[in-house]
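Residue numbers start from 1 in every chain, and the chains themselves are labelled A, B, ... in the order their sequence lines are given, proteins ahead of strands. Everything numeric in this text was worked out from a predicted model, so none of it was measured.
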2 protein chains.
Amino acid sequence: MESKDLRKAGLKVTLPRMKILEILEAADDQRHFSAEDVYKQLLEAGEDIGLATVYRVLTQFETADLVMRHHFESGHSVFELNRGPHHDHILCVRCGKVDEFVDETIERRQREIAENSGYRMTDHSLYIYGICEACQSKE
Amino acid sequence: MESKDLRKAGLKVTLPRMKILEILEAADDQRHFSAEDVYKQLLEAGEDIGLATVYRVLTQFETADLVMRHHFESGHSVFELNRGPHHDHILCVRCGKVDEFVDETIERRQREIAENSGYRMTDHSLYIYGICEACQSKE
DNA sequence: ATAGGAATGAGAAGCTTTTTCATCTGATCG
DNA sequence: CGATCAGATGAAAAAGCTTCTCATTCCTAT
C-alpha cells in the first residue's frame, strides 16, 4: 500500500494519510482499529495529527475501498485494511479477541437468499460472538 | 406479552413498561424500533414518558430476553420484540426496508465454525444488505 | 518558486445513549 | 385498605463517538 494507491483513489498524498496507512499496515497483532486506536498510535509515534483528521481519513479510505468499516457491538466503528480475500469475523465477548474465517457455504447461501428475496445484494456482515478458548479456561 | 412476563423477568409492572410493550406489540407493519421511534409513539399516544426511561426499559427488556437489540449500519440501536423463531435480516440500503429469513444451513455452519475456532458461541448476527425489488425498479 | 484548491487542526457542535438525583409509584405487610 | 420502602421515573446534565466549521497550512501543477 503506497502513495499511488492514494492517488488512484483521487486523494492527495499527504502526511496524515500516509501515516495512517502505515499504522493500519504495521498491525503485527492487531488488524482492527477504532479511530481512537489509530489516534493514540499517532500520538505515540509523535505525530501531531488531530482526531478529526483520523475520522475524515478513515471515512475517505472506506469510500475508496482501502479499508472496511465494521459495526461490532461495541458502539463504535472499527476499521480494517482491505487486503486479502473477503472474510467474516468471530469475536470473544469477554476479551475482545477477533478471529477471521471464510466459509464458502455461507457465502453461497447468502447470495441465494438475497436472490430469492428479490434483493440485489450489495454487502453483508456476519459476526459470531462467543467465548474464546483462553477465556473459557479462566472460568 | 403481559404483566406476568415482566414479573418473571424480575421487573415491576409499571405504566411505562406496559406502554412500551404495547407499542412493540402493536407493530402492524413495523417490527424494528429505535428508542426514538418508541419515544415518538409514546408522545403521540399522549403518554408522558421520558426518553431516558425508554432507553432504560429497552435495555432491561433486552437483558430479560424480551427484546433483541440489533446493530444495523444506521449508527443507533434497533429493537425488536422477541417472538417467533430466531431469524436473520436482509435490509434495503435505499429505503430501509427490513425482511427476515431463516436458513438452517447457515445456522449449522456458524455453530461448526465457532466450534472449530475454539469458541463457545453465545450469539451471532447476520445482516445482508442490498437493494430491494421496489427500489431496483425505480432505477 | 508560486498560486490555488484541497487538506488539516482545534474546538464547537451533533447525536445517541447513560447517569444523576430528587420525586413518585407499585408491591408487600399489617 | 393504608403505610412503608425499595425500585422506577423524569428532567437535565453528562458522557461517548463522530462530524462540522473555519482559519491556517500543505500538495500539486504550473
### Any Thr14(A) side-chain nitrogen or oxygen under 4.0 Å from OP1 or OP2 of dC26(D)
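Negative; the distance criterion is not met.
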### Query
What parts of residues 68-75 of chain B reach DNA chain C, counting only heavy atoms under 4.0 Å away?
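Contacting residues: none.
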### Task
Could you state whether Met68(B) and Phe72(B) fall into the same hydrophobic cluster, counting links through intermediate Ile, Leu, Val, Met, Phe, Trp or Tyr residues with side-chain heavy atoms under 4.5 angstrom apart?
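No, no single cluster joins them.
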### Message
If hydrophobic clusters are built from ILVMFWY residues whose side chains come within less than 4.5 Å, do Phe33(A) and Leu91(A) share one?
### Response
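No; tracing contacts between hydrophobic side chains, which count when under 4.5 Å, never links both residues.
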May I have the distance from [X] (atom [atom1]) to [N] (atom [atom2]), rounded to whole angstrom?
X: Leu58(B); N: dA8(D); atom1: CG; atom2: C1'; value: 15 Å
X: Tyr55(B); N: dT9(D); atom1: OH; atom2: C1'; value: 17 Å
X: Leu11(A); N: dC26(D); atom1: CG; atom2: C1'; value: 15 Å
X: Met18(B); N: dA8(D); atom1: CE; atom2: C1'; value: 15 Å
X: Phe79(A); N: dC17(D); atom1: CZ; atom2: C1'; value: 11 Å
X: Phe61(B); N: dA8(D); atom1: CZ; atom2: P; value: 11 Å
X: Arg17(A); N: dC26(D); atom1: CZ; atom2: P; value: 15 Å
X: Leu51(B); N: dA14(D); atom1: CG; atom2: P; value: 18 Å

Residues [X] and [Y]: side-chain donor-acceptor under 3.5 angstrom:
X: Glu80(B); Y: His87(B); answer: yes
X: Glu107(A); Y: His86(A); answer: yes
X: Arg94(B); Y: Gln136(B); answer: no
X: Tyr127(A); Y: Asp123(B); answer: no
X: His89(B); Y: His32(B); answer: yes
X: Thr59(B); Y: Arg69(B); answer: yes

### Message
Is any side-chain heavy atom of Met18(A) closer than 4.5 Å to one of Val13(A)?
### Response
yes
### Query
Leu21(A) and side-chain contact (heavy atoms from CB on, under 4.5 Å): which partner among Val67(A), Leu81(A), Asp5(A)?
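Of all the options given, the one that passes is Leu81(A).
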## Note on the structure
The answer to which of Leu15(B) and Lys12(B) contacts DNA chain D further toward the 5' end, by nearest nucleotide, is Lys12(B)
### Task
Walk along DNA chain C from 5' to 3' and tell me the first and last nucleotide with an atom closer than 4.0 Å to a non-hydrogen atom of chain A.
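Contact boundaries, 5' end first: dG5(C) to dG11(C).
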### Message
Looking at Glu115(A), I'd like to know if its CD atom is crowded, meaning that more than 12 non-hydrogen atoms belonging to other residues, nucleotides or ligands lie closer than 6.0 Å.
### Response
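Atom CD in Glu115(A) is not crowded, with 12 or fewer foreign heavy atoms closer than 6.0 Å.
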### Message
Test salt bridge (Lys or Arg N to Asp or Glu O under 4.0 Å) on Glu62(B) and Arg56(B); report intermediate values, then the result.
### Response
CA-CA 10 Å; Glu62(B) 183 194 12; Arg56(B) 260 187 306 241; over 6 Å; no
### Task
Just call it for Arg56(B): base, sugar-phosphate, or nothing, with non-hydrogen atoms closer than 4.0 Å on any strand.
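Contact class for Arg56(B): base.
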### Query
With sugar-phosphate meaning primed atoms plus P, OP1 and OP2, does Ser34(A) contact a base, only sugar-phosphate, or nothing at under 4.0 Å between heavy atoms?
nothing
### Task
Mind running a 4.0 Å heavy-atom check of residues 39-50 of chain B against DNA chain D and sending the residues that fall below it, in number order?
Asp48(B), Ile49(B), Gly50(B)
